[in-house]
Amino acid sequence: MMTVNNVLEYLKEKYPLDTACDFDNVGLLVGDGNVTVNKAVVCLDCDINAVNYAKSIGAELIITHHPVIFSGLKSILAGGVVYELVKNDISVISMHTNLDIAAGGVTERLCEAIGLTNVKEFIAHDGFLIREAECSITSADKLAQHIKASLGGAVKYADSGRKIQRVLVCSGSGGNYLGDVIAGGYDALISADIKHNVFIDAVNSGVTVFDAGHYTSENIIVKPLCNELKVAFGDIEFSLFNNDKIKSV
């Protein structure tokens, strides 16, 4: 029988916890490592919907990308996520920035989903590993449509008019890497959570920026991670849970 700790050790081997950013909170964040796991849920976020889904199928473990506990908690009350996890003996393992930067991790999966080629590691100005790649779609309008079709959701972008060939890619929130794009002579940045001033600064600098959405740029890791765990742990029944509750009109 496999335990929470067995799954944790496997994930730590593939995505070492010490590669996460200093501000991050990763690993076993809620629960008991010695509990036997028969069923587990893999999702991007451990929100109350994910907890309820885990309860409904009798899962003992939830594996997430975003940490279920990111900063200090001031209360743990009935009906809240952490309370319900503890009450129902559900453990949570979160793999965040260590999964972002890893080979086969979130940013590489994003490049793969979009169909970028010649993908290589790029050390950004803050030491974080993102990716540089080549793109065969040179028009900003066409690339935006392609990203939308590949990931779903909505895509915002600022078109500098520059032909796109070399790009930097960061899943999730990567607007702070515009300076790396400019300094490296890249044509575009593909990321999410782009602030208005970053769009303006990009166009003024002759760079195109795409905001593919935080959820859609990162949820692409959930299915591959779930499939990977199914292969590694044949005795555990892993289920996907998609929990994007942010809507666009």
Side-chain angles (χ1 to χ4, degrees), residues 15 41-47 49-50 63-66 94-97 99-122 124 128-160 164-178 180-181 186-196 198-199 202 207-228 239-249:
Y15 313 109
V41 176
V42 184
C43 53
L44 195 71
D45 299 282
C46 185
D47 60 11
N49 299 293
I63 299 159
T64 73
H65 177 47
H66 293 139
S94 298
M95 298 278 123
H96 192 208
T97 51
L99 181 57
D100 280 323
I101 69 173
V106 187
T107 297
E108 280 199 2
R109 292 289 184 178
L110 177 58
C111 293
E112 179 182 305
I114 298 172
L116 304 177
T117 59
N118 198 23
V119 178
K120 299 177 182 178
E121 289 185 350
F122 178 91
F128 194 65
L129 278 180
I130 58 177
R131 297 297 187 271
E132 63 175 43
E134 295 178 1
C135 183
S136 61
I137 302 174
T138 60
S139 159
D141 293 341
K142 291 181 179 179
L143 181 54
Q145 290 297 327
H146 175 73
I147 294 171
K148 179 178 179 179
S150 300
L151 304 180
V155 176
K156 297 188 296 183
Y157 65 106
D159 182 4
S160 69
I164 299 170
Q165 293 177 300
R166 299 171 63 241
V167 300
L168 287 186
V169 183
C170 177
S171 59
S173 182
N176 57 312
Y177 298 122
L178 175 62
D180 294 282
V181 176
Y186 295 89
D187 306 309
L189 170 67
I190 301 174
S191 190
D193 291 346
I194 304 298
K195 294 182 178 180
H196 180 77
V198 174
F199 282 121
V207 169
T208 296
V209 172
F210 299 88
D211 184 332
H214 199 118
Y215 183 87
T216 48
S217 73
E218 294 194 324
N219 196 51
I220 38 87
I221 193 62
V222 175
K223 185 175 181 179
L225 181 59
C226 186
N227 290 338
E228 177 186 336
S239 299
L240 286 172
F241 183 68
N242 293 314
N243 50 352
D244 186 14
K245 298 302 179 184
I246 302 172
K247 306 298 182 183
S248 299
V249 296

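Because the structure is predicted, anything quoted here is derived from the model rather than measured. Values below: every heavy atom of this structure, side chains too, minus hydrogens, waters and symmetry copies.
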Problem set entry | Contacts of S136 that satisfy side chain to side chain contact (heavy atoms under 4.5 Å, CB included) - sequence neighbours left out | none
Problem set entry | Listed partners of F122 passing ring pair (Phe, Tyr, Trp, His ring centres under 6.0 Å), at least two apart | Y186
Exercise. From I190 CD1 over to D211 CG, what is the distance, rounded to the nearest 0.5 angstrom?
Worked result: 11.5 Å
For this session: Applying side chain to side chain contact (heavy atoms under 4.5 Å, CB included), name anything that partners V198, two or more places apart in sequence or on another chain.
Result: L178, I194, K195
Problem set entry | Gap separating the CD1 atom of I164 from the SG atom of C135, nearest 0.5 angstrom | 6.5 Å
For this session: Starting at CG of L44, measure out to OH of Y215 and round the result to the nearest 0.5 Å.
Result: 6.0 Å
For this session: Test L116 against V169 for side-chain contact (heavy atoms from CB on, under 4.5 Å), laying out the working first.
Result: CA-CA 10 Å; L116 304 177; V169 183; 3.6 Å; yes
Exercise. Below 4.5 Å, heavy atoms only, C-beta onward: do N227 and L225 meet side chain to side chain?
Worked result: no
Exercise. For G172, does its backbone N or O pair with a side-chain atom of S217 as donor and acceptor, under 3.5 Å?
Worked result: yes
For this session: Output all residues satisfying ring pair (Phe, Tyr, Trp, His ring centres under 6.0 Å) with H65, sequence neighbours left out; order by chain, then residue number.
Result: H96
For this session: Kindly write out the residues that satisfy side-chain hydrogen bond (donor to acceptor under 3.5 Å, both in side chains) with T107, not counting sequence neighbours, or none if the list is empty.
Result: S171
For this session: Please check if the side chain of R131 supplies one atom and the backbone of I101 the other of a donor-acceptor pair under 3.5 Å.
Result: yes
Exercise. Out of curiosity, C43 SG to N242 CG, how far, rounded to the nearest 0.5 Å?
Worked result: 9.0 Å
For residues 149-160, please give each side-chain donor-acceptor pair under 3.5 Å, one per line with the distance, not counting sequence neighbours.
{"residue": "S150", "atom": "OG", "partner": "H146", "partner atom": "O", "Å": "2.7"}
{"residue": "Y157", "atom": "OH", "partner": "D141", "partner atom": "OD1", "Å": "2.7"}
{"residue": "D159", "atom": "OD1", "partner": "G161", "partner atom": "N", "Å": "2.7"}
{"residue": "S160", "atom": "OG", "partner": "R162", "partner atom": "N", "Å": "3.2"}
{"residue": "S160", "atom": "OG", "partner": "G206", "partner atom": "O", "Å": "3.4"}
{"residue": "S160", "atom": "OG", "partner": "T208", "partner atom": "OG1", "Å": "3.1"}

For this session: Mind checking side-chain hydrogen bond (donor to acceptor under 3.5 Å, both in side chains) for D193 and listing every partner two or more places apart, or none if nothing turns up?
Result: H214
Problem set entry | Shortest non-hydrogen contact between L189 and G174, atoms and distance | CD2-O, 3.6 Å
Exercise. Using a distance-only test with no angle check, is there a side-chain donor-acceptor pair under 3.5 angstrom linking E134 and N118?
Worked result: yes
Exercise. E228: what forms a salt bridge (Lys or Arg N to Asp or Glu O under 4.0 Å) with it, not counting sequence neighbours?
Worked result: K14
Exercise. Side chain to side chain contact (heavy atoms under 4.5 Å, CB included) with E112: which residues, sequence neighbours excluded?
Worked result: R109
Problem set entry | Shortest non-hydrogen contact between C111 and V119, atoms and distance | CB-CG2, 3.9 Å
For this session: Under the side-chain contact (heavy atoms from CB on, under 4.5 Å) rule, what do V106 and I220 come out as? Steps first, then yes or no, please.
Result: CA-CA 7 Å; V106 187; I220 38 87; 4.2 Å; yes
For this session: Tell me, please, which residues at least two apart from D180 pass side-chain hydrogen bond (donor to acceptor under 3.5 Å, both in side chains).
Result: H125
Problem set entry | Residue list, side-chain hydrogen bond (donor to acceptor under 3.5 Å, both in side chains) with N49, at least two apart or on another chain | none
Exercise. Of all heavy-atom pairs between G175 and S191, which one has the smallest distance, and what is that distance?
Worked result: N-OG, 4.4 Å
For this session: Taking all non-hydrogen atoms of both residues into account, name the closest pair between Y15 and A102 and its distance.
Result: CD2-CB, 3.5 Å
Exercise. Who are the salt bridge (Lys or Arg N to Asp or Glu O under 4.0 Å) partners of E218, not counting sequence neighbours?
Worked result: none
Seminar exercise, completed: The reported gap from OG1 in T216 to CD1 in I147 (rounded to nearest 0.5 angstrom) is 9.5 Å
Exercise. Which pair of non-hydrogen atoms, one from C170 and one from F128, has the smallest distance, and what is that distance?
Worked result: SG-CE2, 4.5 Å
For this session: Any chance you could measure I130, atom CD1, to E108, atom CD, to the nearest 0.5 Å?
Result: 12.5 Å
